[in-house]
Amino acid sequence: MLPRDQEGETISVWVRDPKVQKEDWHSYVDYEICVHTNSMCFTLKTSCVRRRFREFVWLRQKLQSNAVLTQLPELPPRIPFFKISNSQNLEHRVRGLQEFLNKVLHCSVLLSDSRLHLFLQTQLSTEEIDACASGKTEYSVFEAIHKFANSNRRFPAEEEEKTSHYLDPESSSSKLGHKCDGHFLQGCNLDKDHKEIWTTILPPK
């Protein structure tokens, strides 16, 4: 999946809805990542997955190892779980993860990495992503993404009440556009533009 920059292409990504999940004897927080795009780089034009912070750390390490000459953006600092319940700390992390993805999507080199696409458009584990991207699975990257799409009830038909959550001013959003020279337009702020971004991409029926 190599990037093909064209006039009028946009990539919009949201990081939102942090939730506490329980795993064995410990808990962690994961975050919803939603993508809406008309870019030829993406197999799916709409997708929504949940990822935890350590998966973002893994993604950054993999992207850096495959693009050693590229300066990758930093992730927000780690926060002990007992402090993550603080709303200010949680908001800071959500915004930091949003900024990380925004900057990653600025770079056509990173956008060509299949691990990024599997991270954003499937619910595969990091081990499964690695295996698939390395050609060590029975299914291809394309097949993995489409299998996830077929099992994801919320897309492409989004429930009306779910859509209202994206209009919540508390959530993070950004709209990116890229031209032939590989540069993106500046991301939007979290104010009234947030609603304008959503209605531009998914006009109400």
Side-chain angles (χ1 to χ4, degrees), residues 11-24 26-37 42 44 46-64 72-106 110-111 113 115-130 144-145 148-149 151-155 158-159 161-176 187-191 193-195 197-198 201-202:
I11 304 173
S12 300
V13 58
W14 286 263
V15 177
R16 63 178 294 277
D17 192 26
K19 289 184 178 179
V20 175
Q21 309 289 353
K22 292 185 177 180
E23 183 180 79
D24 298 328
H26 69 280
S27 300
Y28 63 91
V29 177
D30 66 6
Y31 309 86
E32 187 174 56
I33 307 170
C34 295
V35 173
H36 292 259
T37 182
F42 285 82
L44 301 179
T46 57
S47 60
C48 190
V49 300
R50 299 197 69 86
R51 295 291 181 187
R52 58 189 299 183
F53 182 76
R54 75 179 186 186
E55 291 176 303
F56 278 87
V57 174
W58 172 89
L59 176 65
R60 187 183 185 280
Q61 292 172 343
K62 289 297 180 179
L63 292 176
Q64 186 67 85
L72 260 79
E74 296 295 332
L75 287 166
R78 291 182 180 273
I79 304 174
F81 184 77
F82 66 89
K83 290 185 177 181
I84 201 67
S85 58
N86 180 287
S87 59
Q88 187 174 3
N89 289 339
L90 192 57
E91 180 181 358
H92 177 73
R93 170 171 282 188
V94 169
R95 288 180 180 271
L97 295 176
Q98 176 75 54
E99 291 173 4
F100 170 77
L101 289 179
N102 288 347
K103 293 175 182 178
V104 165
L105 294 174
H106 275 69
L110 301 179
L111 199 56
D113 194 316
R115 289 173 177 81
L116 174 62
H117 292 262
L118 291 167
F119 178 89
L120 292 174
Q121 298 203 306
T122 77
Q123 206 62 66
L124 294 177
S125 68
T126 54
E127 292 81 5
E128 291 169 332
I129 291 175
D130 239 347
I145 293 175
F148 172 74
S151 65
N152 189 344
R153 298 178 181 178
R154 289 180 55 189
F155 288 94
E158 182 76 354
E159 299 173 13
E161 63 270 22
K162 296 291 185 180
T163 303
S164 64
H165 291 304
Y166 292 100
L167 303 181
D168 186 340
E170 296 282 328
S171 62
S172 291
S173 70
S174 173
K175 181 178 180 181
L176 304 175
C188 298
N189 294 325
L190 297 178
D191 50 21
D193 291 335
H194 179 77
K195 185 173 181 179
I197 291 169
W198 183 258
I201 300 169
L202 290 180

> Do Glu74 and Arg60 come within less than 4.5 Å of each other through their side chains, counting heavy atoms only?
Replying inline: yes

>> Can you give me the closest heavy-atom contact between Ala144 and Leu124, atom names plus distance?
In response: CB-CD1, 4.1 Å

> Does the side chain of Leu118 come within less than 4.5 Å of Glu128's, by heavy atoms?
Replying inline: no

>> Is there a side chain to side chain contact (heavy atoms under 4.5 Å, CB included) between Lys103 and Leu110? Walk through the geometry before answering.
In response: CA-CA 10 Å; Lys103 293 175 182 178; Leu110 301 179; over 6 Å; no

> Does Leu120 reach the side chain of Leu101, with side-chain heavy atoms less than 4.5 Å apart?
Replying inline: yes

> What residues, two or more places apart in sequence or in another chain, satisfy salt bridge (Lys or Arg N to Asp or Glu O under 4.0 Å) together with Glu23?
Replying inline: Arg52

> Can you find a pair of side-chain heavy atoms, one from Arg95 and one from Val15, that are under 4.5 Å apart?
Replying inline: no

>> In the structure I gave you, are the side-chain heavy atoms of Phe119 and Ile33 within less than 4.5 Å of one another anywhere?
In response: yes

> Taking atom CG of Leu75 and atom CD of Gln61, what is their separation to the nearest 0.5 Å?
Replying inline: 9.5 Å

> Does NZ or CZ of Arg93 come closer than 6.0 Å to the centre of the six-membered ring of Phe53, within 45° of the ring's axis?
Replying inline: yes

> Just by modelled atom types, is the Phe56 backbone N or O under 3.5 Å from a matching donor or acceptor in the Arg51 side chain?
Replying inline: no

> Checking Gln121 side chain against Leu44 main chain: does a donor-acceptor pair fall under 3.5 Å?
Replying inline: yes

> In chain order, what residues pass the ring-ring contact (aromatic ring centres under 6.0 Å, His included) check against Tyr31, with sequence neighbours excluded?
Replying inline: none

> Is the closest side-chain heavy-atom distance between Leu116 and Leu105 below 4.5 Å?
Replying inline: yes

> Ile11 and Leu111: side chain to side chain contact (heavy atoms under 4.5 Å, CB included), yes or no, with the steps?
Replying inline: CA-CA 11 Å; Ile11 304 173; Leu111 199 56; 4.0 Å; yes

>> Can you tell me how far apart OG1 (Thr126) and CG (Leu59) are? Round to the nearest 0.5 Å.
In response: 10.5 Å

> Closest approach of Asn102 and His106, non-hydrogen atoms and distance?
Replying inline: O-ND1, 2.5 Å

> What are the two closest heavy atoms between Val13 and Gln98, and how far apart are they?
Replying inline: O-NE2, 3.0 Å

> Under the 3.5 angstrom rule, does the side chain of His117 hit a backbone N or O of Thr122 as a donor-acceptor pair?
Replying inline: no

> Could you go step by step and tell me if Trp58 and Asp130 meet the side chain to side chain contact (heavy atoms under 4.5 Å, CB included) rule?
Replying inline: CA-CA 10 Å; Trp58 172 89; Asp130 239 347; 4.0 Å; yes

> Got Lys19 and Asp30 here, is their nearest side-chain heavy-atom distance under 4.5 Å?
Replying inline: yes

> Can you find a pair of side-chain heavy atoms, one from Arg78 and one from Val57, that are under 4.5 Å apart?
Replying inline: yes

> Do the side chain of Gln123 and the main chain of Phe148 share a donor and acceptor less than 3.5 angstrom apart?
Replying inline: no

